[in-house]
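To start, the structure itself, in structure tokens.
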Amino acid sequence: MRFLMTTKGGDMAPPTEAMHAEMAAFVEEMIKAGVVLATGGLDPAGTHISSSGGEITVTDGPFTEAKEAIVSFALVEARSKEEAVELARGFWRIVGDGEGDIQRVFGPED
């Protein structure tokens, strides 16, 4: 099963050099184990797109509710939701305070 883990901006402390190093080691270990399929930070400016009644609207950010914006993601392969939660716990032990979400990703094989 694949899961998308996202981190919201909120009141997270800016990452330190030590945190970057620890996170890099954690991610490298998970990549070698075949767990992490993709990971990265997201541009806070972003672009919002919506469609209503055939009308497509494009709005460039940054957006006012930055605390709700997704600032990073990881796409992981796990045997269960519980395993995905444990992977997320490893991330949050490094990062500290903050919040995010874990969502199962469905594909053609599901």
Minimal heavy-atom distance between Trp92 and Glu99, with the atoms involved, is CH2-N, 3.3 Å
List the steps, then state whether side-chain contact (heavy atoms from CB on, under 4.5 Å) holds for Ile102 with Lys81.
CA-CA 9 Å; Ile102 302 170; Lys81 178 182 172 186; 5.6 Å; no
Under 6.0 Å from the CG atom of Asp43, do we count more than 12 heavy atoms belonging to anything else shown?
yes
If I take atom CD from residue Glu109 and atom CZ from residue Arg2, how far apart are they, to the nearest 0.5 angstrom?
4.5 Å
From Leu75 CG over to Thr6 OG1, what is the distance, rounded to the nearest 0.5 angstrom?
11.5 Å
Find out whether Phe91 and Thr7 are in side-chain contact, i.e. whether some heavy atom of one side chain is under 4.5 Å from a heavy atom of the other.
yes
Heavy-atom closest contact (Phe3 atom, Ser80 atom, distance):
CE1-O, 3.7 Å
Could you walk me through whether Leu42 and Val71 satisfy the side-chain contact (heavy atoms from CB on, under 4.5 Å) test, starting with their C-alpha distance in whole Å, then the side-chain angles of each, then the deciding distance to 0.1 Å, before giving a yes or no?
CA-CA 5 Å; Leu42 301 174; Val71 297; 5.7 Å; no
Closest heavy-atom pair and its distance - Thr47, Asp60
OG1-OD1, 3.0 Å
What are the two closest non-hydrogen atoms of Arg79 and Met1, and how far apart are they?
O-CE, 2.8 Å
Over all heavy atoms of both residues, which pair between Ala78 and Ala84 is shortest? Give the atoms and the distance, please.
CB-N, 3.9 Å
CD (Glu86) and CD (Glu82) are apart, to the nearest 0.5 Å, by 9.0 Å
Do Met30 and Leu87 have side-chain heavy atoms sitting under 4.5 Å apart?
yes
Lys8 side chain near Asp101 side chain, heavy-atom distance below 4.5 Å:
yes
Keeping Thr39 on the side-chain end and Phe73 on the backbone end, is there a donor-acceptor pair under 3.5 Å?
yes
